[in-house]
Engineer: 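I'd like to ask some things about the structure below.
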Amino acid sequence: MTFNKRVCSANLKDNKALMKMGLGLVLVGHFNFLLGALVHGAVLRHISVHSESQTTVYAISNVIAIVAGLVGIVGGITAIVLSKNKKNRILQWVLLVFSFLAGLLAVASTLGLSVSMVTAIVYKGRSRITHCTFPDISSFSITYECPFDPTRVYETTIILWVPLILMSVVEMVFSFRCFAVCTSFLYLCPCRRRPTQAKRV
């Protein structure tokens, strides 16, 4: 019985605990959104998504991370509002949906970014980069054909992807904990039963 209560996140039924979880989800969502936007705007804009399928995975995974951050922010704000009015059924359902979506997107982001990072490390960043043709990325110098250094692009991408993957995992945990407590509020969790009213004789 104790295990079932833990699964249903009984500790988040406290107003302060739920508010802190919502605030943490908002902060993590902002971090993932800003970091994903930084990777996409400063790094992935140099990659041609029309050339190879593996570079398309980079862009798609990063966009999923950005969307997951936005959905996580909405879910966190909803959790904060719900902590002040836990009897509101509409807020409970809204948090249930957004936390579930944020959790799924965080899982997809984590898997996609992990695969992208492993692929980039295996190929040593030799993805086709726009306007660049070079045999070896290690012995590269900036030329007219390639006005930027792809070595820095490769290293910067790996450095930024590591914290983005870690924070996506954190967002996944926070989101599914909020989802679990919503299932408890709505009596969707099997460990909780609706209170039965005594029949008047």
Side-chain angles (χ1 to χ4, degrees), residues 21-81 93-134 137 146-180 182:
M21 181 61 65
L23 181 60
L25 191 56
V26 170
L27 294 177
V28 172
H30 274 94
F31 182 86
N32 288 346
F33 173 75
L34 294 176
L35 189 58
L38 178 63
V39 174
H40 197 79
V43 178
L44 295 184
R45 64 187 178 89
H46 296 301
I47 297 178
S48 176
V49 297
H50 303 289
S51 56
E52 293 183 2
S53 59
Q54 67 182 29
T55 57
T56 306
V57 175
Y58 299 163
I60 293 176
S61 302
N62 201 73
V63 169
I64 292 176
I66 295 174
V67 176
L70 289 175
V71 178
I73 292 171
V74 176
I77 294 174
T78 307
I80 295 174
V81 177
W93 280 105
V94 170
L95 181 58
L96 181 76
V97 172
F98 275 98
S99 60
F100 183 71
L101 289 177
L104 288 182
L105 289 172
V107 172
S109 172
T110 303
L111 295 177
L113 292 174
S114 299
V115 172
S116 299
M117 187 174 68
V118 171
T119 304
I121 293 175
V122 169
Y123 288 97
K124 297 180 181 180
R126 288 192 296 265
S127 299
R128 291 186 183 179
I129 303 180
T130 308
H131 306 302
C132 296
T133 56
F134 48 88
I137 192 173
C146 194
F148 59 91
D149 189 351
T151 306
R152 292 184 179 179
V153 170
Y154 164 68
E155 294 175 352
T156 304
T157 305
I158 299 299
I159 292 173
L160 293 178
W161 269 345
V162 172
L164 186 56
I165 292 173
L166 294 178
M167 296 307 292
S168 295
V169 174
V170 175
E171 181 180 356
M172 175 184 64
V173 174
F174 285 4
S175 299
F176 281 129
R177 289 197 69 192
C178 290
F179 174 77
C182 282

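We number each residue from 1, following the sequence as shown. Computed from heavy atoms alone, side chains included, the values below leave out hydrogens, waters and symmetry copies.
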Engineer: How close do Leu95 and Cys178 get, heavy atom to heavy atom, and via which atoms?
Structural biologist: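 In terms of heavy atoms, the two residues are closest at CD1-CB, 4.4 Å.
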Engineer: With a 4.5 Å heavy-atom cut-off, do Phe179 and Leu104 have their side chains touching?
Structural biologist: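 A side-chain contact under 4.5 Å is absent here.
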Engineer: So, do Val63 and Val67 sit near enough that their side-chain heavy atoms are less than 4.5 Å apart?
Structural biologist: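 A side-chain contact exists here, since the closest heavy-atom pair is under 4.5 Å.
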Engineer: Does atom CZ (Phe31) have a neighbourhood of more than 12 heavy atoms from anything else shown, all under 6.0 Å?
Structural biologist: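 Counting neighbours around CZ of Phe31, more than 12 heavy atoms of other residues, nucleotides or ligands fall under 6.0 Å, so yes.
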Engineer: Going by the side-chain contact (heavy atoms from CB on, under 4.5 Å) test, name the single residue among Ile73, Leu25, Val71 that passes it with Phe98.
Structural biologist: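 Looking at Ile73, Leu25, Val71, the match for Phe98 under the side-chain contact (heavy atoms from CB on, under 4.5 Å) is Val71.
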Engineer: Would you compute the distance between atom CG of Leu23 and atom CD1 of Ile77 and round it to the nearest 0.5 angstrom?
Structural biologist: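 CD1 of Ile77 is found 10.5 Å from CG of Leu23.
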Engineer: Can you measure from CG (Asn32) to CG (Leu27) and round to the nearest 0.5 angstrom?
Structural biologist: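 If I round to the nearest 0.5 Å, the distance is 11.0 Å.
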Engineer: Counting C-beta onward and ignoring hydrogens, is there a side-chain heavy-atom pair between Leu105 and Ser109 closer than 4.5 Å?
Structural biologist: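 No - every pair of side-chain heavy atoms lies 4.5 Å or more apart.
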Engineer: In Å and rounded to the nearest 0.5 Å, what is the CH2 to OG distance from Trp161 to Ser114?
Structural biologist: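 Output value for this atom pair is 10.5 Å.
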Engineer: Supply the atom-to-atom distance Arg177 CZ to Cys182 SG, rounded to the nearest 0.5 angstrom.
Structural biologist: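 The distance works out to 12.5 Å.
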Engineer: Going through the checks in order, is the side-chain contact (heavy atoms from CB on, under 4.5 Å) test met by Val122 and Val118?
Structural biologist: CA-CA 6 Å; Val122 169; Val118 171; 4.2 Å; yes
Engineer: Considering only heavy atoms from C-beta outward, does the side chain of Val162 approach that of Met117 to under 4.5 Å?
Structural biologist: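 Side chain of Val162 against side chain of Met117, heavy atoms only: contact under 4.5 Å found.
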Engineer: Which heavy atom in Ser175 sits nearest to a heavy atom in Ala102, and how many Å separate them?
Structural biologist: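 The answer is OG-CB, 3.4 Å.
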Engineer: Less than 4.5 Å apart, side chain to side chain, heavy atoms only: is that true for Pro163 and Leu35?
Structural biologist: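 Yes. Closest side-chain heavy atoms under 4.5 Å.
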Engineer: Considering non-hydrogen atoms only, spot the tightest contact between Asn62 and Leu113 and give its length.
Structural biologist: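 Where Asn62 meets Leu113 most closely, the heavy atoms are N-CD2, 4.2 Å.
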Engineer: For the residue pair Val74 and Val94, establish whether any side-chain heavy-atom pair is separated by less than 4.5 Å.
Structural biologist: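 The answer is no, as the side chains (C-beta and beyond) never meet within the 4.5 Å cut-off.
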Engineer: How many angstroms lie between atom CG of Leu101 and atom CG of Leu70, to the nearest 0.5 angstrom?
Structural biologist: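 Those atoms lie 12.5 Å apart.
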